[in-house]
Amino acid sequence: MLIDSTLVLSDQQALTASAASEHIIDQTAAADAHHRLVAVAQTDEDFAGLTSLKISLQTDKSNTFGQAKELLSATFVLADLKKGKPLFKMVLPSGALRYIRGYYTVSGTATAGKISLFITDDTDM
């Protein structure tokens, strides 16, 4: 699968506390896709310590995300957060505003774990 670097939200981002993705997508600058877009999340390092991790895809008209709207989300327990495990491949719903980011909500006390999150064309899946 080819991944457009302008559509990467997190690339092996370490998570030990709730945080936004390392990058945001400005849809006016991102590559134009002619197919459905899919959000993909995968675990790059085993997680430890936490009880669950919620992965959300948020959108806003501003890159400060002061009024972020959730497009989609999924919650995973520690047993699901193992290195190399794909977590989800979800079709990006309509209604996205100009900016998109990932947001990770950690429950419990995380001591390790890395994640990658990106958007891709569904023809690559």
Side-chain angles (χ1 to χ4, degrees):
M1 162 183 2
L2 296 174
I3 300 172
D4 182 335
S5 64
T6 63
L7 298 176
V8 174
L9 295 163
S10 295
D11 183 15
Q12 297 187 30
Q13 182 174 339
L15 292 175
T16 55
S18 296
S21 58
E22 300 165 312
H23 308 285
I24 63 172
I25 295 170
D26 179 346
Q27 293 195 92
T28 61
D32 182 30
H34 300 287
H35 302 278
R36 291 185 313 168
L37 295 177
V38 178
V40 179
Q42 66 188 33
T43 308
D44 298 309
E45 175 184 89
D46 287 355
F47 278 76
L50 56 72
T51 54
S52 67
L53 174 67
K54 178 181 177 185
I55 302 172
S56 303
L57 207 59
Q58 298 177 336
T59 190
D60 200 328
K61 61 184 176 185
S62 167
N63 65 357
T64 62
F65 288 85
Q67 296 179 350
K69 172 185 164 189
E70 190 172 278
L71 287 173
L72 58 88
S73 69
T75 301
F76 304 91
V77 297
L78 180 59
D80 295 329
L81 299 168
K82 300 298 179 196
K83 181 179 179 177
K85 185 172 182 177
L87 296 172
F88 65 69
K89 295 176 184 174
M90 295 182 180
V91 173
L92 192 66
S94 61
L97 301 173
R98 179 174 176 179
Y99 297 97
I100 297 173
R101 75 174 180 186
Y103 195 85
Y104 310 103
T105 305
V106 173
S107 295
T109 307
T111 57
K114 291 184 180 178
I115 198 129
S116 289
L117 176 62
F118 56 92
I119 308 294
T120 189
D121 189 302
D122 74 345
T123 60
D124 292 337
M125 303 310 292

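Since we're looking at a predicted model, the values are computed, not measured. We're numbering straight along the sequence, starting at 1.
Looking at N63, L7, V8, L57 one by one, the single match for side chain to side chain contact (heavy atoms under 4.5 Å, CB included) with I25 turns out to be L7. Put simply, the residue from L117, V40, T43 that forms a side chain to side chain contact (heavy atoms under 4.5 Å, CB included) with L87 is T43.
A 4.5 Å side-chain heavy-atom check between D60 and Q58 finds every atom pair outside the cut-off. Residues K61 and Q67 form a side-chain contact, since some pair of their non-hydrogen atoms from C-beta on lies under 4.5 Å apart.
Using cut-offs of 30° and 60° for the angle between ring planes, the F88 and F76 rings count as parallel.
F118 and I24 fall into different hydrophobic clusters, where Ile, Leu, Val, Met, Phe, Trp and Tyr side chains are chained together by heavy-atom contacts under 4.5 Å. Residues L53 and M90 fall within the same hydrophobic cluster, defined by Ile, Leu, Val, Met, Phe, Trp and Tyr side chains chained together at heavy-atom separations under 4.5 Å.
In terms of modelled atom types and a separation under 3.5 Å, the side chain of S18 and the main chain of V106 share a donor-acceptor contact. Put simply, the side chain of Q12 never gets that close to the backbone of E45: no donor and acceptor are under 3.5 Å apart. Put simply, the side chain of S116 never gets that close to the backbone of Q42: no donor and acceptor are under 3.5 Å apart.
Here the straight-line distance linking atom OG1 of T120 with atom CG of L92 works out to 11.5 Å at 0.5 Å rounding. For the atom pair CG of L81 and CG of D46, the computed distance is 9.0 Å after rounding to the nearest 0.5 Å. If you take CG on L72 and OG on S56, they are separated by 8.0 Å, rounding to the nearest 0.5 Å. In this structure, R101 CZ and L71 CG are separated by 11.5 Å, a value rounded to the nearest 0.5 Å.
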Subject >> Worked verdict on L15 versus L50 for side-chain contact (heavy atoms from CB on, under 4.5 Å) >> reply: CA-CA 10 Å; L15 292 175; L50 56 72; over 6 Å; no
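Scanning all heavy atoms of the two residues, the minimum distance from T59 to R98 falls at OG1-N, 4.5 Å. Residue K114 comes nearest to A14 through the heavy atom pair CG-CA, 3.8 Å, listed as atom of the first residue, atom of the second, then distance. When every heavy atom of Y104 is checked against every heavy atom of S21, the shortest pair comes out as CE1-CA, 3.9 Å. Here the shortest heavy-atom pairing between F65 and I100 reads CZ-C, 3.8 Å. A pairwise comparison of heavy atoms in E22 and S10 identifies OE1-CA, 3.5 Å as the closest pair. Taking both residues in full, the closest heavy atoms of T16 and A112 are given as CG2-N, 4.1 Å, listed atom of the first, atom of the second, then distance.
More than 12 heavy atoms of other residues, nucleotides or ligands sit less than 6.0 Å from atom NZ of K82.
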